[in-house]
Amino acid sequence: MKAKLENNTVVGHNIKFEAKFLKHHFGITLRNVYDTMITEQIIQGGTQPYVGLKELVFKYCGIMLDKSEQRSFKMGAQLTESQQKYAIQDILYLPEIMRKQKAKIKLIDLQNTVDIEMKVIPAVAWLELSGINVDLKKLDEIKIKVLEQKNKAGKFLIQELTREQIEITPDTTQEKASEKPKTLTIIPNLNSPKSLLETLKAKGYDKLEGTGKQELGKYKGDELITNLILYRQAEKLLSGFIAGFYETQVKKDGKIEIKSPKYPHPITKRVHGEFNQYGALSGIFTSSKPNLQQQPSRYREWRQIYTAAPGNKIVACDLSQIELRIIGQHAKEPKYIQAYKANLDLHKETATQMFNVPLESVTKQQREIAKTINFGLNYGMGAQALKESLKINADIEVTLEEAQKLKQTFQRLYPHVTKYLNKAGEEEFQKGEIRTLAGRICKTRNPNKKEEDYKIKNKGKNLPVQGLCADILKIAMGNLFLILESREIKLINSVHDELVFECKVEKADEVPAIVKTEMEKAGNLFLKDLPCIAEVTIADYWNKE
DNA sequence: TGGGAACTAGAG
DNA sequence: CGCGCTCTAGTTCCCA
């Protein structure tokens, strides 16, 4: 049975689930699979985050399934007749669905995408089963620090923002008017944007139209605003990333109940996030419970909680500036191609030409401007957003006119890029879909919902780039699964352009080269005019750079 | 009370 | 005219 499952193509609906089950309970590793759910998502261009079997049976076989037995199964109990019937109908229609899907794939030329997606399924099962090791002591240290930051900033804010206001009574009859007016103490709720905005405006911050970081940038350097940003950062870390590791108290029917921590897993002691391989329109992965793709990295210390288990090392490898390289390839922009071929710093090259200064005298600030523009303008950023982005990301103030000029200079400097992006936007707008170089179809999520023209065009600029990035990473993941999984190496994270592995110290010499080679090989399938470079690091914890 | 919109912030 | 893109998740607020 084991050999049969491992050496043949196994068909299922959401087969990642079965793959994990078979591996965990029976040590069976599925390598060749066909998944009707993922295939349907491919056909639909990523517009549906989850497709049910019931829906497919109806679509392809014209039969309405009764799913009422789905939740009736009990551990250890003998199957009832109707449960058996249910179990059979769950697989009965799969061959017919597969046959009809395959015809459709051929018709709309999606075989390449299907190959990529099917090959990555076993790798995703591997990734989720591996989990990531976590240093709870380090986490405690960080928690104490962050709590301190929150309390300190919070105390300052409450002190500064609490205000007195004369109470306004709706009933203003003559008798009451003679009474002394009461004053009301208003303490703002720091977690409520509405309450905060009201309070800040009353305090004289009248330029604010919201309380987001971009708005707060209007008062950059102000002590109160600095504290608010520190408070927000701490609150975000605590509620979003730290809380899940600790038990929580929940009030229920007047009694206080203690809920156990969500992570790590009580038996494996590792964090097993979920990865949805077709969670986004572009085909990039999404992650949840917890979201391991959005773990803080600008707060440098955070990722040190993810460590190699004793006797192990962590090998992390990312595709260097992959999005810009993809744009360069799409646009066949000679300046991008030349810079990457010569292994130059593209941002610096951009700066030297934009500001018309020699390479060696490009300032850090000029490079930051070029970097912000390189990333932002490629997806349709306008002058206003550029102005604010420069202020927040690079601490650089420019006027709207200057931002407009910078944009123009950039577009004139890279005319091929500009032309390509406009063409891609137009294509998405006209056809409602656009393909990556690997053939993946990217549509707009809500074909029914009316979206502004410019938003659709911007998607057209962005989706083929992100989408090809996803194609490359998935190809590498699929191939690395076949090479590394059987050698007791764990895939512990996958973050858009980065793969993270954990292996025994003895293997830390050979694994990096294998990973680097496979990732570059995947990229070079599509980057024909400029090279794909992967950068690899070996460490005791997950550290970017 | 529960669902969902709005806002905010984390990542690439 | 000009409007960065793709996501997940937490909190607050509003409405049925």
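So you know, we letter chains A, B, ... as the sequences are listed, proteins then strands, and number each from 1.
A/His347 and A/Phe375 have their aromatic ring centers within a separation under 6.0 angstrom.
Side-chain N/O atoms of A/Lys194 include one lying less than 4.0 angstrom from OP1 or OP2 on C/dC14. Checking the phosphate oxygens (OP1, OP2) of C/dT12, a side-chain nitrogen or oxygen of A/Asn189 falls inside 4.0 Å. Here A/Thr211 reaches the OP1 or OP2 of B/dT8: one of its side-chain N or O atoms lies under 4.0 Å away. At C/dT11, none of the side-chain N or O atoms of A/Ser239 fall inside 4.0 Å of OP1 or OP2 (strictly under the cut-off).
Shown are A/Arg367, A/Gln321, A/Lys371; of these, the side-chain hydrogen bond (donor to acceptor under 3.5 Å, both in side chains) with A/Asp345 is made only by A/Arg367.
Between the CG atom of A/Leu238 and the P atom of B/dA9 there is a distance of 15 Å, given to the nearest Å. Going from atom NZ of A/Lys236 over to atom P of B/dG10 covers 7 Å, rounded to whole Å. Between A/Phe429 atom CZ and C/dG2 atom C1' there is a gap of 15 Å when expressed in whole angstrom units. Rounded to an integer number of Å, the gap from CD of A/Gln293 to C1' of B/dG10 is 12 Å. If you take CG of A/Leu228 and C1' of B/dC7, they are 13 Å apart, rounded to a whole angstrom. Note: CG (A/Leu190) to C1' (B/dC7) measures 16 Å, nearest angstrom. When the C1' atom of C/dG4 is taken as reference, atom CG of A/Asn374 falls 13 Å away, rounded to whole Å.
Comparing C/dC5, C/dC3, C/dT6 by their closest approach to the side chain of A/Tyr454 singles out C/dC3. In this structure, the nucleotide among C/dA9, C/dC5, B/dG12 sitting nearest to the side chain of A/Asn458 is C/dC5. Among the nucleotides B/dT8, B/dG10, B/dA11, the one closest to the side chain of A/Gln233 is B/dG10. Side chain of A/Gln466, nearest nucleotide from C/dC5, C/dC3, C/dC14: C/dC5. Out of B/dA11, C/dA9, C/dT11, the shortest distance to the side chain of A/Ser297 is found at B/dA11. Of the candidate nucleotides C/dT6, C/dA9, B/dG10, C/dT6 has the atom nearest to the side chain of A/Lys459. Closest to the side chain of A/Asn291, from the set C/dC5, C/dT8, C/dT12, is C/dT8. Listed nucleotides C/dG10, B/dA9, C/dC7 differ in distance to A/Gln294; the shortest reach to its side chain belongs to C/dC7. Here the nucleotide nearest the side chain of A/Pro296, chosen from C/dG4, C/dT11, B/dA11, is B/dA11.
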- When every nucleotide of nucleotides 1-6 of chain B is labelled 5' to 3' by its protein contacts under 4.0 Å (heavy atoms), B for base, S for sugar-phosphate only, - for none, what sequence of letters results? ------
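Under a 4.0 Å N-O distance rule, the pair A/Lys521/A/Glu518 qualifies as a salt bridge.
If you check every strand for non-hydrogen atoms under 4.0 Å, A/Lys457 touches nothing.
Of the two residues near DNA chain C, A/Gln384 and A/Leu463, the one whose nearest nucleotide lies more 5' is A/Gln384. Checking A/His496 against A/Gln404, the closest nucleotide of DNA chain C that is more toward the 5' end is the one next to A/Gln404.
For the pair A/Lys474 and A/Phe285, the cation-pi test (distance below 6.0 Å, angle within 45°) is passed. The cationic group of A/Lys119 does not satisfy the cation-pi geometry with A/Phe481, failing either the under 6.0 Å distance to the six-membered ring centre or the 45° limit from the ring axis.
Every pair passing salt bridge (Lys or Arg N to Asp or Glu O under 4.0 Å) that includes a residue from residues 270-288 of chain A is listed here, sequence neighbours excluded: A/Arg270-A/Glu502.
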